[in-house]
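Here's the structure we're looking at; comments come further down.
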Amino acid sequence: MSVMDIFETMEYGPAPEASSLALNWIQARQPFQLFINNQWVKPLQEQYFESSNPATSKALTQIASADAADVDAAVAAARQAFPSWSKTPGHGRARYMYALARHIQKHARLLAVLESLDNGKTIRETRDIDIPLVARHFYYHAGWAQLMESELADYQPVGVVGQIIPWNFPLLMLAWKIAPALAMGNTVVLKPARYTSLSALKFAEIVQEVGLPAGVINIVTGEASKAGDALVKHPDVNKIAFTGSTDVGRSIRRTTAGSGKKLSLELGGKSPFIVFDDADLDSVVEGVVDAIWFNQGQVCCAGSRLLVQENITDRLLSKLRARMENLRIGDPLDKTMDIGALISPAQRDEIAHLVAQGIAEGAEAWQPSSICPASGSFFPPTLLTNVSPASTLAQIEIFGPVLVAMTFRTPAEAIELANNTRYGLAASIWSDNINLALDIAPKVKAGSVWINCTNLFDASCGFGGYRESGYGREGGKEGLYEYLKPAWQSNTAKASLKADNAQEEAMDVQDVSILNEIQEATTEALPAIDRTPKLFIDGKQARPDSGYSLTITSVDGRVLGEVGEGNRKDIRNAVEAAHKASAWATGSAHNRAQILFYLAENLAAREVEFAHRIVAQTGRSYADAFHEVQVSLSRLFSYAAWTDKYEGSVHRPPLRGVTLALKEAIGVIGIACPDEYPLLGFLSLVAPAIAMGNTVVVLPSPGAPLSATDCYQLFETSDIPAGVINIVTGDRESLSQILAEHHDVNAVWYFGSAAGSKSIELASSSNMKRTWVNYGHARHWLDRVQGEGEEFLREATQVKNIWVPFGE
Ligand code: NDP
């Protein structure tokens, strides 16, 4: 090649990263063993599996394959380490975590090369993105360990956590999971993905180097069906944190249902990349490259659906094709490569199969003329047009370098297309009109929204999904709660009862007896006018579809009244009404606060009547019942107060711009109320849900529903818009099951039996809705610590992070 040729083509020379150090490191340690109690131990069955380099298909090493007995040993080590690690002062844990961050930086190059060799991702990405972010996660969470005692004083670690991570960001996912768990005082058993265990094993060496106490971190390599399954089912694991496919997430939800294990799931996505006609198209093209060709498109939040405003489609696509011609695909260890290898031949074949299926359905495929290497798992960057929104290509997560393009005309159409997916992980919005971008961001159902940027991550900004992309957040303060439980949960139910009695005794008995006398005098002579509450749907009383009523009796068998017996159709109508009222979420928080205050005012006007109703249904003393009404009033005031104070925050990631963390309503919440405290239990759940902008379908206390049905008139006179609160009386167990199975219900709260809790968690897996259940445990509703506050508000919201870079 002449100098002139080189000048003409401006072809890159190769810039290979040396792999010898990493290969020697592997060679010296193989076969790799399990890391339990800070020791390298052989798997009991002495089984090993092969790990290979996806860019060459050549074997790299042999790695231990753990089975259930090995997982037992790892969990036992973590359990033994827990008491002392959880009691280590935050400052002590912060020092260890700081050391982990420092040592990751010291070994940064080796980790970057190992990750490239093992996963096939380019060295450019592992060196400049993965490993720096790993270190950042440990630094950031070292800070939270330091601050835990003052900032999270009412919380405790959950215990031993089982963590299962995927192969697409092996070390980064490890850091996202281990850093918050350790910071909050938990101990860990982590299972890496079978394809990519090496960086986790290097991390285990770092754990030894920094002298982390034995058993705090245990790493069990192996297969999903053995090590993974055993970890998920282990009875001594208190929490499972999983990142991976939605199907596996769903099966983990089913397996852990009713076990009381805390669960967080980071699942798949099909994220929209929305381009308006005033966007800077050259920046958009670079954005698309980062959105879908970063990590070969094997990114859960990849911008895989390009939604373009119709009038600029041709211009944008021709710029994009020109850019695709220049993408370089090949050896991941060559620093000039844009695209490396896919994780495996199976993944490549699956991508090829989905693309072929899309073409058969009518899509047009375009690929650049550059050639992929012949050996190894490579697939060319691919653009598909003429794709209909309902087609396989537009709906299925392809998890590869494949972009589908569709068009829209108006912002409303863009939102409709963007939300036309079962997922909700991320979205990218491109426009030079910040008013438009900030108007669209809250309307897209996704956990992260990037404005004029894409695929940005930071430890301070929580990451996680809406809908079938899972629940729970990783990063930010919100991510810490995934590894915490309220301190009061360690206390026994006995303590609760004692506190109840003490409060009852504190009542002013004289006041109560006067109120009793008044009540009796006014109800002496005439028979009561019949009052039969129906269901309450869409702001109106509605007859139950079944045409049946249920008789409600007092504890001594007197008939107190009848309520409608709701069924599946009533739930369907109630859910429809709740969706119709979704504007409740976008109204002002001030307005919602005013309405909650007004509701309290109207309840206070009828406090004696409500207290008598509680007495009649429960047989409790009037003093006790009157106290329940007073606490209910205070609770309404609390949530009226919180409505405009439970706010988001502005994060400061290393970026010229801001990240707005908004606390958004979840949507429609189904609520099954506890048996006890018919008024307080009902209002303690409804008030936080509606305060945060959700609409609700409520199943009142099964034995004592009349306190809830008595509220109909309060709602009607308190300016609560139709459909915000819907009430269906009847059998709590079967109706809550219908709510949990309903695909248009976004979350279910259930306060009933242990068996009921389990079946709610099982049924919720159908659309991966969030659940909050009590596993049959009592809660002290009168107590402000247990009966109200941030725990309720957190359950009523989900955090959306909107990234807004700025500057000319
Ligand atoms: P999986 O969800 O199957 O695997 C993720 C992790 O879970 C791995 O460690 C895996 O172990 C483990 N695992 C799998 N099944 C179980 C189980 N039943 N119980 C316990 N642990 C289990 O993802 P795949 O690696 O199979 O990838 C398949 C598809 O999933 C991809 O094509 C992509 O669409 C999606 N995916 C999404 C990711 C995301 O970040 N959202 C990440 C990875 C994949 P093992 O490695 O031994 O199989």
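The figures here come from the full heavy-atom set of this structure, side chains too, leaving out hydrogens, waters and symmetry mates. Read the numbers this way: they start at 1 and go in the same order the structure lists the ligands and their atoms.
Counting only N and O atoms by type, the side chains of Arg194 and Ser197 include no donor and acceptor under 3.5 Å apart. Counting only N and O atoms by type, the side chains of Thr392 and Glu361 include a donor and acceptor under 3.5 Å apart. Inspection of the Tyr48 and Gln30 side chains reveals no N or O donor paired with an N or O acceptor under 3.5 Å. Inspection of the Asp458 and Ser460 side chains reveals an N or O donor paired with an N or O acceptor under 3.5 Å. Between the side chains of Ser199 and Asp118, no donor-acceptor pair of N or O atoms lies under 3.5 Å.
Between atom CZ of residue Arg473 and atom CG of residue Asn801 there is a gap of 8.0 Å, rounded to the nearest 0.5 Å. Note that the CG atom of Leu201 and the OG1 atom of Thr61 stand 9.0 Å from one another [nearest 0.5 Å].
Remark: ligand 1 atoms within the under-4.0 Å shell around heavy atoms of Asn168 are 40 (O), 42 (C). The contact set between ligand 1 and Pro166, taken as ligand atoms under 4.0 Å from a residue heavy atom, comprises 42 (C), 43 (C). Which parts of ligand 1 touch Ile165 is read off a 4.0 Å heavy-atom cut-off, strictly below it: atoms 6 (C), 8 (C), 9 (O). In the vicinity of Glu223, heavy-atom distances shorter than 4.0 Å reach the ligand 1 atoms 47 (O). Of all atoms in ligand 1, numbered sequentially from 1 with element shown, those under 4.0 Å from a heavy atom of Gly222 are 47 (O). Atom numbering of ligand 1 starts at 1 in the shown order; those under 4.0 Å from a heavy atom of Thr243 are 5 (C), 40 (O).
The shortest separation from a heavy atom of Ala227 to ligand 1 is not under 4.0 Å, leaving the residue out of contact. Residue contact check for ligand 1: Phe169 places no non-hydrogen atom closer than 4.0 Å to it. Every heavy atom of Gly249 sits 4.0 Å or more from the atoms of ligand 1. At least one heavy atom of Gln347 sits closer than 4.0 Å to an atom of ligand 1.
Closest to atom 3 (O) of ligand 1 by heavy atom, among Ile398, Val248, Ile343, is Val248. For atom 27 (O) of ligand 1, the choice among Phe399, Phe242, Tyr423, Trp167 with the nearest heavy atom turns out to be Trp167. Here the shortest heavy-atom distance to atom 21 (N) of ligand 1, taken over Gly162, Gly228, Pro170, Ser197, belongs to Gly228. In this comparison of Ser225, Gly400, Ala224, the heavy atom closest to atom 14 (C) of ligand 1 sits on Ala224.
Ring geometry for Phe32 versus Trp25: interplanar angle of 30 to 60°, hence tilted. Classification of the Tyr140-Trp144 ring pair by plane angle, with boundaries at 30° and 60°, yields perpendicular.
Among residues two or more places apart in sequence or in another chain, the side chain to side chain contact (heavy atoms under 4.5 Å, CB included) test is passed with Lys445 by Asn419, Tyr466, Arg467.
At a threshold of 4.5 Å between non-hydrogen side-chain atoms, the residues Arg79 and Thr187 do not count as touching.
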Please tabulate, for the side chains in residues 162-172, all donor-acceptor contacts under 3.5 angstrom to protein atoms that are two or more places apart in sequence or on a different chain.
| residue | atom | partner | partner atom | Å |
| --- | --- | --- | --- | --- |
| Gln163 | NE2 | Lys177 | O | 2.9 |
| Gln163 | NE2 | Tyr483 | OH | 3.1 |
| Asn168 | ND2 | Gln298 | O | 3.2 |

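Remark: ligand 1 and Arg194 share an N or O pair separated by less than 3.5 Å (distance only, no angle test). Inclusion of Lys191 in the set of residues having an N or O under 3.5 Å from an N or O of ligand 1 is warranted. At under 3.5 Å, a nitrogen or oxygen of Glu397, whether backbone or side chain, sits near a nitrogen or oxygen of ligand 1. Where the criterion is an N or O separation shorter than 3.5 Å, residue side chain and backbone included, Cys300 fails it with respect to ligand 1. Of the polar atoms of Ile164, none of the N or O atoms is found under 3.5 Å from an N or O of ligand 1, judged by distance alone.
Under 4.0 Å is where a charged nitrogen must lie from a carboxylate oxygen, and between Lys202 and Glu205 at least one such pair does.
Ranking the protein heavy atoms by distance from atom 1 (P) of ligand 1 puts Ser245 OG, 3.6 Å first.
In Leu267, the part holding a heavy atom less than 4.0 Å from any atom of ligand 1 is the backbone.
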